[in-house]
Amino acid sequence: MVQRHSIVLWKKAEKKEKNFEEISRETYDVLNLLQEYPYELRPNYLTCDSQKDIKEFQWNQENFSSALKRGINKEDENVFEDLGYSISFFSSFDEKESSSIQIQTGNKNDKFYDTLIINLPLKLDLYEKDNAEMVRKLFKNLVLAYKPYWGCLANRAISRKYGRYLEGNMPTTVHWMNYWSEDTVNTIGIEKLKKIMYEYNTVLFQDNILVVKEIAFDVDKDEDMIFHEKLHKQLFS
C-alpha cells in the first residue's frame, strides 16, 4: 500500500490587534525553516490555478508577503479579514518527490483555528532511520516556531480510520509523533503517559511532544498495527 504521511499543526486564533505585517513575518519565519531541509521539503513553487502560470518562487520575505496578501479569505466580492489568509506551495513537478505545503494564518475568530499541513513526498522513506530522524527534527522545529495547540505526524491510512483528529481536548488516536497542549495532557492523564514510557522503551515524551517509535507506523506490518492498538487502548480507554 502507498502510504502518505503528513505533518498537521493546529493553532488557536490570533490576537485581534495583530496586524498583517506581524502575521506575514511570523508565517514566513515558520516556513523559512523548510529551507534548511532537502529540496523536496521546501516551498519551491506557489500553487496556481493553471500549470502554465507556475514558475519557481523566489523565496524571500517581500515575495512571500505579497503572495500571502493575495490569499485573503473571501467569497466572491465579500472579504473576511478576521478569517485570515491562505497560501499553498509544492516542491516539485514530480508528484512522488513533491511535498505540498498549505497554511491558513492570521485567523482572529475564536470559532476557527489556523492550520499548517505538509504532505510529505511519497518517495521519502520514513521507515529508514536517517529520514525518520530528519523528519522528527523538522516536526519539533515547526512546533517550536508555530506554537500550535495540537499537532501530529500522521499516516493517512490511520487518520482515515478515526475520522476526526480531536474531540474537544481529546485526540481520537495516537500517531507516530504528537504535539499535545497542557489541556490535552491533563485530559489524557500524565500517569498514562508515564506508564507507556515505562513499558515501551521507544516511547518518548518531552516538551509536550510524544514520539512512540524510532520510525513511522507502517500499516502493512501486523506488529506496528498491534502496537498502535495497544497504545490507543492504554491512552484513550
Side-chain angles (χ1 to χ4, degrees), residues 6-39 41-49 53-91 99-120 135-154 165-166 169 177-185 206-209:
S6 302
I7 295 173
V8 183
L9 301 177
W10 291 358
K11 184 178 181 180
K12 294 193 175 180
E14 298 281 6
K15 295 178 181 179
K16 303 290 185 184
E17 62 270 20
K18 185 172 284 190
N19 60 34
F20 174 76
E21 286 71 26
E22 291 177 279
I23 291 166
S24 175
R25 184 177 64 252
E26 290 178 4
T27 307
Y28 175 82
D29 288 344
V30 170
L31 295 184
N32 196 47
L33 291 172
L34 298 172
Q35 299 297 328
E36 301 172 12
Y37 289 85
Y39 188 82
L41 295 175
R42 300 178 196 169
N44 299 317
Y45 299 93
L46 185 66
T47 304
C48 299
D49 292 334
D53 295 328
I54 296 174
K55 57 184 179 180
E56 192 159 6
F57 190 79
Q58 298 302 307
W59 185 258
N60 58 56
Q61 172 73 69
E62 183 179 357
N63 287 345
F64 175 79
S65 184
S66 177
L68 182 64
K69 186 172 285 189
R70 294 195 297 272
I72 193 168
N73 195 300
K74 63 181 179 178
E75 185 175 337
D76 298 324
E77 298 303 314
N78 298 313
V79 176
F80 306 102
E81 290 189 29
D82 65 325
L83 298 184
Y85 306 81
S86 300
I87 194 167
S88 63
F89 297 89
F90 64 98
S91 63
S99 296
S100 68
I101 301 146
Q102 307 153 38
I103 192 163
Q104 165 72 34
T105 188
N107 165 59
K108 298 178 182 179
N109 188 321
D110 291 336
K111 294 181 180 178
F112 303 99
Y113 49 85
D114 283 341
T115 59
L116 170 59
I117 302 171
I118 303 176
N119 295 313
L120 299 173
V135 171
R136 284 174 61 170
K137 289 179 179 177
L138 172 60
F139 183 81
K140 180 178 180 180
N141 289 338
L142 288 171
V143 163
L144 290 172
Y146 189 63
K147 300 179 178 66
Y149 73 92
W150 172 85
C152 75
L153 201 158
Y165 283 115
L166 282 178
N169 286 326
M177 287 189 277
N178 312 262
Y179 176 78
W180 292 341
S181 69
E182 288 297 329
D183 286 342
T184 297
V185 172
Q206 187 175 24
D207 299 325
N208 287 59
I209 296 175

Check your understanding: Between the side chain of S99 and the main-chain N/O of S91, is any donor-acceptor distance below 3.5 Å?
Key -> no
Revision key, fill the gap. By side chain to side chain donor-acceptor pair (under 3.5 Å), T27 pairs with (sequence neighbours left out) T105
Revision key, fill the gap. Interatomic distance, CG@L120 vs OG@S100, rounded to 0.5 Å, equals 8.5 Å
Check your understanding: For residues T184 and N169, is any side-chain donor paired with an opposing acceptor at under 3.5 Å?
Key -> no
Check your understanding: Can you name the residues that form a side chain to side chain donor-acceptor pair (under 3.5 Å) with Y39, not counting sequence neighbours?
Key -> E56
**Study point:** Minimum heavy-atom distance I101-L41, with the two atoms named
**Key:** CD1-O, 3.9 Å
Point to revise | Working for side-chain contact (heavy atoms from CB on, under 4.5 Å), residues I54 and F90 | key: CA-CA 10 Å; I54 296 174; F90 64 98; 3.8 Å; yes
Practice item. To the nearest 0.5 Å, tell me how far R42 CZ sits from E36 CD. Key: 10.0 Å
Point to revise | Over 12 foreign heavy atoms within 6.0 Å of NZ, K16 | key: yes
**Study point:** Flag side-chain contact, heavy atom, 4.5 Å: L9 against I7
**Key:** yes
Check your understanding: With no hydrogens and no angle check, is any side-chain donor or acceptor of N107 less than 3.5 Å from a backbone partner on G84?
Key -> no
Check your understanding: How about L31 and L116: do any of their side-chain heavy atoms sit closer than 4.5 Å?
Key -> yes
Exercise for review: Please work out which of the three classes, parallel, tilted or perpendicular, describes the rings of Y28 and F64, given edges at 30° and 60°.
Suggested key: tilted
Check your understanding: Do I103 and F89 pass the side-chain contact (heavy atoms from CB on, under 4.5 Å) test, and can you show the C-alpha distance, the side-chain angles, and the key distance before you say yes or no?
Key -> CA-CA 9 Å; I103 192 163; F89 297 89; 5.9 Å; no
Point to revise | Check: T47 and Q102 side chains under 4.5 Å, non-hydrogen atoms | key: no
Exercise for review: Report yes if the side chains of P43 and F57 come closer than 4.5 Å at any heavy-atom pair, otherwise no.
Suggested key: no
**Study point:** Note, W10 side chain near L166 side chain (heavy atom, < 4.5 Å)
**Key:** yes
Which donor-acceptor pairs under 3.5 Å do the side chains of residues 135-152 make with protein atoms, sequence neighbours left out?
unit_1: N141; atom_1: ND2; unit_2: Y37; atom_2: OH; d: 3.0
unit_1: N141; atom_1: ND2; unit_2: K137; atom_2: O; d: 3.3
unit_1: Y146; atom_1: OH; unit_2: T115; atom_2: N; d: 3.4

Practice item. Indicate yes or no: at least one non-hydrogen side-chain atom of I23 is less than 4.5 angstrom from one of K108. Key: yes
Practice item. Can you see which heavy atom on S181 is nearest to which on N208, and at what distance? Key: C-ND2, 3.6 Å
Check your understanding: How about L46 and I87: do any of their side-chain heavy atoms sit closer than 4.5 Å?
Key -> yes
Practice item. Please confirm whether the backbone N or O of K111 pairs with a side-chain atom of N109, one donor and one acceptor, at under 3.5 Å? Key: yes
Study note, to complete from the structure: The salt bridge (Lys or Arg N to Asp or Glu O under 4.0 Å) partners of E22 (sequence neighbours excluded) come to none
Review point. Mind checking what makes side chain to side chain donor-acceptor pair (under 3.5 Å) contact with Q35, not counting sequence neighbours?
Key: none
Review point. With sequence neighbours left out, which residue pairs that include part of residues 60-70 fulfil the side-chain hydrogen bond (donor to acceptor under 3.5 Å, both in side chains) condition?
Key: S24-Q61, S24-S65, S66-R70
